[in-house]
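After the structure tokens below, expect a handful of questions from me.
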Protein chains: 2
Amino acid sequence: MTSGASRTGRQRLAPDVRRRQVLDAAVAVFSEEGFHGASMDAIAVRAGVSKPLVYAHGGSKDELFAACLHREADRLLRSVQSAAGEPDAEPLARLRRALRAFFLALTTRRQGWTVLWRQASTGPFAGEVDALRRRIVEEAADLMAGGLGVPRARVLPYAHTLVGAAEGLADWWLTDPEAAATTGPGDPADVLADLLVAVVGPGLATIAPSGAVSGER
Amino acid sequence: MTSGASRTGRQRLAPDVRRRQVLDAAVAVFSEEGFHGASMDAIAVRAGVSKPLVYAHGGSKDELFAACLHREADRLLRSVQSAAGEPDAEPLARLRRALRAFFLALTTRRQGWTVLWRQASTGPFAGEVDALRRRIVEEAADLMAGGLGVPRARVLPYAHTLVGAAEGLADWWLTDPEAAATTGPGDPADVLADLLVAVVGPGLATIAPSGAVSGER
DNA sequence: ACCTTAACTACCGATGCGTAAAGTAGCCCG
DNA sequence: CGGGCTACTTTACGCATCGGTAGTTAAGGT
């Protein structure tokens with residue numbers, strides 16, 4: 001159904017290939033059942049291997065979950081950062097590209113998103129996902145501060161608001177795709193990115209100017 | 001530390017009072033440990049009663065958790081709705097009041113918020129919290145549709161965006177209070193509500209007018 | 001043929017939900 | 001004031017699940 005399980009019972013594979021299989025299965029099961037709800041047996045079954053193999057390649061349950069978190073966080077952050085592009089480009093365009101990459105990443109790696117946001121946001125791993133979130137917020141804050149010519153501390157609440165808005169829109173899109181499809185024609189990631197920019201853009205523009213920090217830019 | 005535990009070991013109380021005690025303890029423990037992390041023993045200790053009594057008043061662990069969800073969801077929704085006030089009042093003012101009540105509810109009933117958003121948003125209870133979220137979004141959508149004179153389906157994505165933005169801002173506020181405190185002087189709930197209205201207000205105003213849907217309303 | 005090692009079957013110990021049984025003390029009624 | 005109803009406690013246990021491991025088997029290169 002999801003990732004590569006199946007196969008004959010016994011098959012020798014290269015360690016890194018198996019490790020990737022195990023990680024994929026772990027992400028899938030963790031995303032569906034949550035950390036506590038997922039059992040190592042279920043992960044083993046999903047991966048199409050036996051339980052000791054999971055321990056051999058993934059370590060303990062905590063280590064395995066942490067590995068999932070790191071991999072998915074890395075992928076998400078990397079794709080968003082690379083999509084933003086050159087730092088000297090137009091700030092609003094960079095923001096829009098980053099948002100588009102974010103929405104796109106959710107569909108291509110939806111299970112990873114679920115693990116990160118809905119499973120790891122609590123418990124002993126909350127620090128991990130908080131760190132990722134904070135890095136994303138920092139990116140957004142840098143973008144805003146640079147684009148508006150305003151000190152970073154001043155745009156921090158707006159960055160958190162923007163990221164939260166993106167999350168809310170993303171969750172709706174993933175939860176109720178047919179309703180979200182009526183938003184407009186074309187690539188959904190494009191439509192949603194445009195929509196978000198349209199909502200927060202004018203509001204953000206008002207915090208910039210009029211005497212606060214005159215000279216800059 | 002939190003709610004009414006303590007007391008001498010034995011005390012006869014009215015059933016509804018005991019039930020409230022058990023529910024309070026359950027919300028506290030669930031918010032701190034999560035659903036799976038919380039044990040019925042821990043809830044019993046927190047409530048200052050014995051384990052069988054927890055089962056007598058709260059039912060099974062699932063039923064107890066569901067009861068917590070229902071009560072906290074009801075309280076949050078009720079306070080937000082009552083704060084919005086008369087339907088014929090100024091839409092933007094209603095929105096601002098509702099937002100203020102929302103932010104205020106987070107501090108006065110922070111454990112309930114934690115249980116609802118960070119513990120119940122996944123697993124078998126995801127439907128419960130999704131229902132609450134959807135009702136809040138509906139409120140927001142009604143407010144927008146009425147204020148802008150636009151069909152409801154059109155403002156749905158904006159409603160989800162607004163609610164997500166409020167969540168993001170709220171999480172930041174609760175996670176990093178001292179940083180959020182630098183946002184401005186005065187009652188934080190007021191400051192945050194104003195901030196959010198300032199961010200999304202101008203953007204929302206642009207979606208209203210200019211011929212899009214002429215005849216309707 | 002053989003040896004390395006990936007992989008499996010089977011198992012242990014711990015934890016936690018849920019309940020049963022028996023005793024104890026608060027509160028109401030006579 | 002005394003007796004009894006019953007809410008409540010203590011204690012103990014059954015049962016299931018799950019994390020983690022020991023000992024065994026077979027795949028595949030050399």
Side-chain angles (χ1 to χ4, degrees), chain A residues 3-30 32-69 119-120 123-125, chain B residues 4-26 28-30 32-68 119-120 122-125:
Chain A
S3 54
S6 65
R7 232 18 176 208
T8 169
R10 201 90 151 222
Q11 196 179 11
R12 277 173 92 96
L13 288 179
D16 57 335
V17 177
R18 270 284 193 253
R19 180 178 164 80
R20 200 211 295 270
Q21 272 189 9
V22 171
L23 265 183
D24 286 342
V27 169
V29 175
F30 280 136
E32 293 168 8
E33 311 290 343
F35 177 72
H36 286 279
S39 72
M40 296 298 266
D41 290 273
I43 294 174
V45 169
R46 177 67 73 97
V49 297
S50 65
K51 191 158 62 148
L53 238 191
V54 176
Y55 280 90
H57 285 98
S60 73
K61 191 181 183 183
D62 284 29
E63 292 168 343
L64 179 60
F65 191 68
C68 293
L69 250 51
Q119 308 299 346
F125 301 96
Chain B
S6 66
R7 239 353 174 237
T8 170
R10 187 84 56 115
Q11 194 179 12
R12 276 172 97 95
L13 289 179
D16 56 334
V17 176
R18 269 283 192 251
R19 180 177 166 80
R20 201 211 294 270
Q21 272 189 9
V22 171
L23 266 184
D24 286 341
V29 176
F30 280 136
E32 294 168 7
E33 311 291 344
F35 177 72
H36 285 280
S39 72
M40 296 298 267
D41 290 272
I43 294 174
V45 168
R46 178 68 73 94
V49 297
S50 63
K51 190 160 65 150
L53 202 74
V54 175
Y55 280 90
H57 284 97
S60 74
K61 191 182 182 182
D62 284 29
E63 292 169 344
L64 180 59
F65 191 69
C68 293
Q119 307 299 344
T122 190
F125 301 96

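A note on names: the letters A, B, ... follow the listed sequences, proteins ahead of strands, and every chain is numbered from 1.
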Polar side-chain atom of A:E63 near backbone of A:S60 as donor-acceptor pair, under 3.5 Å: yes
Atom pairs, protein N/O to nucleotides 25-29 of chain D N/O, distance under 3.5 Å:
unit_1, atom_1, unit_2, atom_2, d
D:dT25, O2, A:R10, NH2, 2.3
D:dA26, O4', A:R10, NH2, 3.4
D:dA27, N3, A:R12, NH1, 2.8

Integer-rounded Å distance: D:dG20 C1' and A:H57 NE2: 17 Å
Nearest-Å distance for atom pair CG/C1', residues A:L53 and C:dC8: 9 Å
Full working for side chain to side chain contact (heavy atoms under 4.5 Å, CB included) between A:V54 and A:D41: CA-CA 9 Å; A:V54 176; A:D41 290 273; over 6 Å; no
Ring-face cation of B:K61 near B:F30 (centre distance under 6.0 Å, axis angle within 45°):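 Pair B:K61/B:F30 does not count as cation-pi.
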Exercise: identify the closest heavy-atom pair between A:R19 and A:A67: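 Closest heavy-atom pair between A:R19 and A:A67: NH2-CB, 4.3 Å.
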Smallest separation among heavy atoms of A:D62 and A:F35, with atom names: OD1-CZ, 3.4 Å
Smallest separation among heavy atoms of B:S50 and B:A44, with atom names: C-CB, 3.9 Å
Collect all protein-nucleotide pairs involving nucleotides 16-19 of chain C in which both atoms are nitrogen or oxygen and the distance is under 3.5 Å.
unit_1, atom_1, unit_2, atom_2, d
C:dC17, OP1, B:A38, O, 3.3
C:dC17, OP1, B:M40, N, 3.4
C:dC17, OP1, B:K61, NZ, 3.2
C:dC17, OP2, B:M40, N, 3.1
C:dG18, OP2, B:Y55, OH, 3.3
C:dG18, OP2, B:K61, N, 2.8
C:dG18, N7, B:K51, NZ, 3.1
C:dG18, O6, B:K51, NZ, 3.1

Nearest-angstrom distance from the residue atom CG of A:L64 to P of D:dG20: 10 Å
Electrostatic pair B:E32-B:R46, nearest N-O below 4.0 angstrom: yes
A:I43 to A:L64 - nearest heavy-atom pair and separation: CD1-CD2, 3.9 Å
